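The next block holds one structure in the form of structure tokens; read it before the comments.
This one's a predicted model, so the numbers in the text were calculated from it and none came from an experiment. For the single chain, residues carry numbers from 1 onward in sequence order. The analysis underlying the following values was restricted to heavy atoms, covering all of them including side chains, and did not include hydrogens, waters or symmetry mates.
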Amino acid sequence: MARPPLPHHRHRRLRDQRTERLRPLIMGQVQQAIDTAAVVIFVVDARDGLTASDYDMADVVRRAQKPTILVANKADNEARELAGIAEASALGFGEPLPVSALHDVNVRTMLDMVVALLPEIPLVPESDRTRVAIIGRPNVGKSMLVNAILGQERVIVSDVAGTTRDAIDTEIDTPEGSFVLIDTAGVRRPGKLGKGVERHSVLRTTRAVERCDVAVLVVDGSEGVTAQDTHIAGIAVENAKGLVIAVNKTDLWEDPAERKAWAERQMRSRIRFVPWALYTFISALERRGLPELLRLVQAAREARRRRIPTPELNAILSRAVREHVPPLVHNRRFKLFYATQAGIDPPTFVLFVNDPELVHFSYRRYLERAIREAADFEGTAIKLVFRARSGEDSAS
Ligand code: GDP
């Protein structure tokens, strides 16, 4: 379709000026997108021909050395007649594929090419992947951590749709293991949070935690452990998940040894209800400590699958009861008959007792500690369920 030449060209000049100003910003974003991509679709304008930015972009794409498909969009007319097609061939990515997104021309072909160029992703069964939720209050560095993990060279990334609407889970395979990062869309979404968003993000955290095996609680190492961190740790504990605390921004520490001790003291006092949590020190900014973090996540995951054989469990618990006789409650004493591990994920122990009501909170803690001392459940919550042994007279 013929267009009046003058307005068209003026329009294009204006657009070019604007693009010029934004160029460094755009190039940064392009670089970031390419870094995380497996295949690059490089789109040029089939009708208008190439601009200076297209050539800049071509340099960036070429340097990245990723599989690239050159596409000339807006090819609504007979492709040969379009200026952009011939020019684009000079970019060094071969003949462009003429495409019209508007009229759905060649879009399928383009997608077939993408699929053909995708790297082989070793199929790791979903159940063998550790599901990780990265949680923490705003500005502690969650997005930076996710991006740092995803930016690792030997990570293979594929986005998979989550079960929650617009939650995007990301599968990654690393030397430390295979993971699913839960709701990376929620974590990566930048921007300042207002009050409403804040409440929304607590909900989002809870949902992510419910779907994970291990939660990574990011805390800001320059500020220490706050009440809000404690609260968020509580979400992981309530859901009986694994918990690894990542003390971030350690690059800001002037005296790392002294600061480390300070952070450890804070965790002991402010997150003391989770003595089993694993922790490590990282810098998302400088990408330090990430392999160790992932190793701890895997360790927590393994702990969640550990089983104690029944005879061993009973030996542990009866010894514990002998060593520390349960206190009398209303003149009655708790009695343990038999225990068994009913399941994993989290490790769940069923204790058959005379009356579950007689188990004092602190005694429950004591029994949990006894189980933890005998078998390594570091990094995960475990569950103790008390059941009245059927047929047992509860007055005994
Ligand atoms: P989120 O709200 O938890 O996702 O936090 P962001 O990832 O958006 O980071 C919040 C701010 O902390 C940003 O200004 C980051 O640049 C900064 N930040 C994140 N991680 C680090 C780190 O390891 N070191 C330093 N010095 N700054 C960091």
Less than 4.5 Å apart, any side-chain heavy atom of [X] and any of [Y]?
X    : Y    : value
L117 : K66  : no
F93  : V40  : no
T250 : I282 : no
N73  : V44  : no
L293 : V216 : yes
L384 : I371 : yes
V132 : I182 : no
L145 : I134 : yes

Could [X] and [Y] be called an ion pair, given the rule that one side-chain N must be under 4.0 Å from one carboxylate O?
X    : Y    : answer
E264 : K260 : no
D229 : R270 : no
R207 : D183 : no
D355 : R333 : no

Cluster check [X], [Y]: I/L/V/M/F/W/Y, side chain < 4.5 angstrom:
X    : Y    : answer
I149 : Y279 : no
I135 : L278 : no
V218 : V274 : no

For this session: Dump the intermediate steps for salt bridge (Lys or Arg N to Asp or Glu O under 4.0 Å) on D213 and R131, then the final yes or no.
Result: CA-CA 5 Å; D213 299 308; R131 304 178 60 81; 5.3 Å; no
Looking at every non-hydrogen atom in both residues, tell me the closest pair between [X] and [Y] and how far apart they are.
X    : Y    : answer
M267 : V247 : CE-CG2, 3.9 Å
F273 : V237 : CE1-CG2, 3.9 Å
Q31  : V60  : OE1-CG1, 3.2 Å
A300 : G379 : CB-O, 3.5 Å
H360 : S362 : ND1-OG, 2.8 Å
A72  : A75  : O-CB, 3.9 Å

Test item: [X] side-chain N/O and [Y] main-chain N/O as donor-acceptor pair under 3.5 Å:
X    : Y    : result
T206 : R204 : no
K142 : G136 : yes
T340 : A342 : no
E87  : G49  : no
N248 : V140 : yes
T36  : A33  : yes
D48  : D45  : no
D220 : S222 : yes
R372 : R369 : no
R304 : I382 : no

Once you round to the nearest 0.5 Å, how far does [atom1] of [X] lie from [atom2] of [Y]?
X    : Y    : atom1 : atom2 : result
L70  : F42  : CG    : CZ    : 6.5 Å
D255 : W262 : CG    : CH2   : 12.0 Å
L252 : E286 : CG    : CD    : 8.5 Å
R305 : I344 : CZ    : CD1   : 6.5 Å
R301 : R129 : CZ    : CZ    : 12.5 Å
E302 : T380 : CD    : OG1   : 12.0 Å

Over 12 foreign heavy atoms within 6.0 Å of [atom1], [X]:
X    : atom1 : result
R387 : CZ    : no
Q32  : CD    : no
E210 : CD    : yes

Exercise. Parallel, tilted or perpendicular: which fits the ring planes of Y366 and H324, with parallel below 30° and perpendicular above 60°?
Worked result: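 Geometry flag for H324 against Y366: tilted rings.
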Exercise. Step by step, would you call V353 with K335 a side chain to side chain contact (heavy atoms under 4.5 Å, CB included)?
Worked result: CA-CA 5 Å; V353 301; K335 220 166 125 187; over 6 Å; no
Problem set entry | Worked verdict on V385 versus F349 for side chain to side chain contact (heavy atoms under 4.5 Å, CB included) | CA-CA 6 Å; V385 180; F349 303 91; over 6 Å; no
For this session: Would you check, one step at a time, whether the test side chain to side chain donor-acceptor pair (under 3.5 Å) holds for Q341 with T310?
Result: CA-CA 7 Å; Q341 181 168 355; T310 304; over 6 Å; no
Problem set entry | Working for side chain to side chain contact (heavy atoms under 4.5 Å, CB included), residues T170 and V180 | CA-CA 5 Å; T170 306; V180 181; over 6 Å; no
For this session: Step by step, work out the side chain to side chain contact (heavy atoms under 4.5 Å, CB included) result for L243 and W276.
Result: CA-CA 8 Å; L243 180 63; W276 46 261; 3.7 Å; yes
Exercise. Hey, mind stepping through R295 and E292 against salt bridge (Lys or Arg N to Asp or Glu O under 4.0 Å) and telling me if it holds?
Worked result: CA-CA 5 Å; R295 267 194 293 278; E292 175 63 9; 3.3 Å; yes
For this session: Give a yes-or-no answer on whether the side chains of R137 and T226 include a donor-acceptor pair shorter than 3.5 Å.
Result: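 Yes, T226 and R137 have a side-chain donor paired with an acceptor closer than 3.5 Å.
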Exercise. So is R389 actually on top of F337's ring, under 6.0 Å and inside 45° of the axis?
Worked result: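 Cation-pi check for R389 and F337: passes.
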